[in-house]
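First comes the structure, then the notes that go with it.
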Amino acid sequence: MAKAGLGGKMKVPQNALLPKFDRKSDYFDYFSGDGSAVQQLEDKRLTAGLQKSYILETVDGGNPSARLSVEDLFSRSGLQATPLAQENTAFDISSDSGERVALVEQVDARYLTLYTLLPSNQSDRLVRSAVATNPFLDHLWLSSQSFMALWSNVLAGNSGRRYGKITFEHESIYEVSEEDAGEYLPDERRTSRFTMVDKLEVMAQKMDPLQQEYAPLASITQMRLPAQGRGGHDLYYDGKVTNRSGSFVDHRTTLHGVVAMYRSLTRSVERQLWTSVAAPNSLGGTSVGSVAEIVFSKPLTEDLFRRWVMSMFNNRRNRFRLTGYAKWLNETKVHANAIDQHLWQPLVMEFTPARVVAVLPHGTCGNSVNRLVSNIQRFIDPKVTAYIGDREYGTLIPTVAA
């Protein structure tokens, strides 16, 4: 069994480990610093790191008896999930060394939130490893379209004089080959990262012109969702949320709002896949399934195209969580019998410098589409356009955020 430990000999700060409580409300008080049950632990908690949360997706089998239990789910990642004595929707999470490093709450049958005080480098490693080794777990994958829907809600629900924060990031990791990478300093590759911090009214005026002028600014990877009081909640493109407010209650409410948006989006994608017309027989010789098409804003160079496709199918631990066999029909056209490592779902794909076409069997998890769009935006083309059947991907989102 693969283990999702903290790796190497990295020492976990004792003040980042969680105490033992029997109710999740006591953990919530502990994260907030409230309540007599946790008062004796307050000094320890205050010196720990910022509270961080990770929203995770698993499979909803429909029939409760067919679902993996939370204990079995995390055991597949080398972690021990222990239900709280007085709860049935909350679990202590212990590492392979027995240290209590997190609390997991079931939001519903499909989504979980993991709360921790570990330093970011350790918590990120823990969650990434847990997902990478487990086909029944996946991150949330927020595209720029999803961030823009959330941004509309931020503008509608807050004074324009309040400060906001958005990070744009695009990293062209496939423009330089692995052999040539050593000849360049990291800052000599085309990497764009820009954080805008300003009043909301100023940001609203400047964002669109900037994104039109400079394509990498179309790729949003982080956004601060304002809290009810001071501060806010930093939401990342992979479902990580850092609590920079003074209220854990507000933080948890924000998390549930993000889950509600994402749940509706994913269901909309799945409905569109399941009800749209079948794929043409010309692609992979199959008509079983529906088509998702991702069109690049301009054709990829042949070198970039080749490195990207080879990286996906020659490296099992690639960012897209795809594996399988690629058949090069010519220098600019590839057919692939692929497997999504989340739930081991099969799909047939066609790659060209102009577009990606995926034939997805009926019943495919919508998170596969969300992941593909989000990662292509960040690493390939920030201004990519996606279609699910006959619907543009972005049109599925405004009704979600309304």
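Below, all heavy atoms of this structure are taken into account, side chains as well, without hydrogens, waters or symmetry copies.
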Checklist line | Euclidean distance, Asp390 CG relative to Ser290 OG, rounded to 0.5 Å | finding: 10.0 Å
Check: Looking only at atom types and distance, does a side-chain atom of Thr364 sit under 3.5 Å from a main-chain N or O of Pro361, one as donor and one as acceptor?
Finding: yes
Next item on the list: Answer yes or no: is there a donor N or O on one side and an acceptor on the other, between the side chain of Ser144 and the main chain of Ile220, under 3.5 Å?
Entry: yes
Notebook entry, point to check: What's the shortest heavy-atom distance between Arg162 and Gly231, and which atoms?
Noted result: NH2-O, 3.0 Å
Next item on the list: Classify the side-chain pair Thr167/Glu169 by whether it contains a donor and acceptor separated by less than 3.5 Å.
Entry: no
Margin query: Working to the nearest 0.5 angstrom, can you tell me the gap between Thr254 OG1 and Asp234 CG?
Written below: 11.0 Å
Next item on the list: Would you indicate whether Met310, at its atom CE, is surrounded by more than 12 heavy atoms from other residues, nucleotides or ligands within a distance under 6.0 Å?
Entry: no
Next item on the list: Tell me, with the steps shown, if Arg193 and Glu171 meet salt bridge (charged side-chain N to carboxylate O under 4.0 Å, His left out).
Entry: CA-CA 8 Å; Arg193 190 176 193 275; Glu171 188 176 358; over 6 Å; no
Notebook entry, point to check: Does Pro135 offer a backbone N or O that forms a donor-acceptor pair with the side chain of His342 under 3.5 Å?
Noted result: yes
Note to self: For Asp92 and Gln80, which I'm curious about, is there any donor-acceptor pair between the side chains at under 3.5 Å?
What the structure shows: no
Notebook entry, point to check: Judged by atom type as modelled, is there a donor-acceptor pair below 3.5 Å linking the side chain of Asp381 to the main-chain atoms of Ser297?
Noted result: yes
Margin query: I'd like to know if the side chain of Arg263 pairs up with that of Tyr111 as donor and acceptor (distance under 3.5 Å, no hydrogens or angles considered).
Written below: no
Margin query: So for atom NZ, which belongs to Lys327, do other residues, nucleotides or ligands contribute more than 12 heavy atoms lying within a distance under 6.0 Å?
Written below: no
Check: Just by distance, with hydrogens left out, do Lys240 and Ser123 show a side-chain donor and acceptor under 3.5 Å apart?
Finding: no
Margin query: Any donor-acceptor pair under 3.5 Å linking the side-chain atoms of Ser245 with those of Asp250?
Written below: no
Item checked: Reported CG-to-CG distance for the pair Leu50 and Leu118, which is rounded to 0.5 angstrom -> 12.5 Å
Next item on the list: Just say parallel, tilted or perpendicular for the rings of Trp141 and His139, cut-offs at 30° and 60°.
Entry: perpendicular
Margin query: Can a donor-acceptor pair be found, under 3.5 Å and without considering hydrogens, that links the side chain of Thr133 to the backbone of Ser129?
Written below: yes
Note to self: Please check this pair: side chain of Thr116 against backbone of Val101, looking for a donor-acceptor N/O pair closer than 3.5 Å.
What the structure shows: yes
Next item on the list: Say whether, by atom type as modelled, one donor and one acceptor occur between the side chain of Thr58 and the main chain of Phe136 under 3.5 angstrom.
Entry: yes
Checklist line | Nearest-0.5 Å distance, CE of residue Met223 to CG of residue Leu142 | finding: 9.5 Å
Check: Do the ring planes of Trp328 and Phe305 sit parallel (below 30°), tilted (30 to 60°) or perpendicular (above 60°)?
Finding: perpendicular
Note to self: Taking side chain to side chain donor-acceptor pair (under 3.5 Å) as the criterion, tell me which of Lys24, Glu105, Gln51, Lys52 meets it with Tyr115.
What the structure shows: Glu105
Checklist line | Under 3.5 Å side-chain donor-acceptor pair for Ser146 and Tyr262 | finding: no
Margin query: For the CD1 atom of Ile93 and the CG atom of Leu103, what is their distance to the nearest 0.5 Å?
Written below: 8.0 Å
Next item on the list: Would you sort out whether Glu57 and Cys365 count as a side-chain contact (heavy atoms from CB on, under 4.5 Å), showing the intermediate values?
Entry: CA-CA 10 Å; Glu57 193 218 39; Cys365 174; 3.5 Å; yes
Item checked: Heavy-atom closest pair, residues Arg321 and Asn134 -> NH2-O, 3.3 Å
Notebook entry, point to check: If you measure only the distance, is there a donor-acceptor pair under 3.5 Å linking the side chains of Gln228 and Ser247?
Noted result: no
Check: Judged by modelled atom types alone, do Asn318 and Ser311 share a side-chain donor-acceptor pair under 3.5 Å?
Finding: no
Check: Quick one: does Lys199's side chain get under 4.5 Å of Gln205's, heavy atoms only?
Finding: no
Note to self: Please tell me whether Tyr54 and Asp124 have a donor and an acceptor in their side chains that are separated by less than 3.5 angstrom.
What the structure shows: yes
Notebook entry, point to check: Where the side chain of His170 meets the backbone of Gln377, is there a donor-acceptor pair that is under 3.5 Å apart?
Noted result: yes
Next item on the list: May I have the step-by-step check of salt bridge (charged side-chain N to carboxylate O under 4.0 Å, His left out) for Lys206 and Asp198, ending in yes or no?
Entry: CA-CA 10 Å; Lys206 301 295 185 182; Asp198 211 323; over 6 Å; no
Checklist line | Option among Phe296, Phe320, Trp308 that satisfies the ring pair (Phe, Tyr, Trp, His ring centres under 6.0 Å) test with Phe351 | finding: Trp308
Notebook entry, point to check: Any donor-acceptor pair under 3.5 Å linking the side chain of Lys383 with the backbone of Gln211?
Noted result: yes
Check: Under 3.5 Å, side chain of Glu270 to main-chain N/O of Gly366, donor-acceptor pair present?
Finding: yes
Checklist line | Derivation of the side-chain contact (heavy atoms from CB on, under 4.5 Å) call for Phe147 and Ile397 | finding: CA-CA 10 Å; Phe147 273 116; Ile397 302 173; over 6 Å; no
Note to self: Which heavy atom of Arg378 sits nearest to which heavy atom of Ser219, and what is that distance?
What the structure shows: CA-OG, 3.7 Å
Next item on the list: Step by step, work out the side-chain contact (heavy atoms from CB on, under 4.5 Å) result for Leu84 and Tyr27.
Entry: CA-CA 11 Å; Leu84 304 191; Tyr27 280 103; 3.9 Å; yes
Next item on the list: Find the distance between CZ (Arg319) and CD1 (Ile376) and round it off to the nearest 0.5 Å.
Entry: 13.5 Å
Next item on the list: For residues Val131 and Asp138, report the shortest heavy-atom separation together with the two atoms involved.
Entry: CG1-CA, 3.8 Å
Check: Do you know the tightest heavy-atom contact between Ala215 and Pro382?
Finding: O-CB, 3.3 Å
Next item on the list: Anything under 30° is parallel, anything over 60° is perpendicular, the rest tilted; go ahead and classify Tyr174 against Phe379.
Entry: perpendicular
Notebook entry, point to check: Between Glu87 and Arg23, is a salt bridge (charged side-chain N to carboxylate O under 4.0 Å, His left out) present by the stated rule, with each step listed?
Noted result: CA-CA 6 Å; Glu87 303 280 354; Arg23 298 176 301 179; over 6 Å; no
Next item on the list: Of all the heavy-atom pairs spanning Ala81 and Phe74, show the shortest one and how long it is.
Entry: CB-CB, 4.2 Å
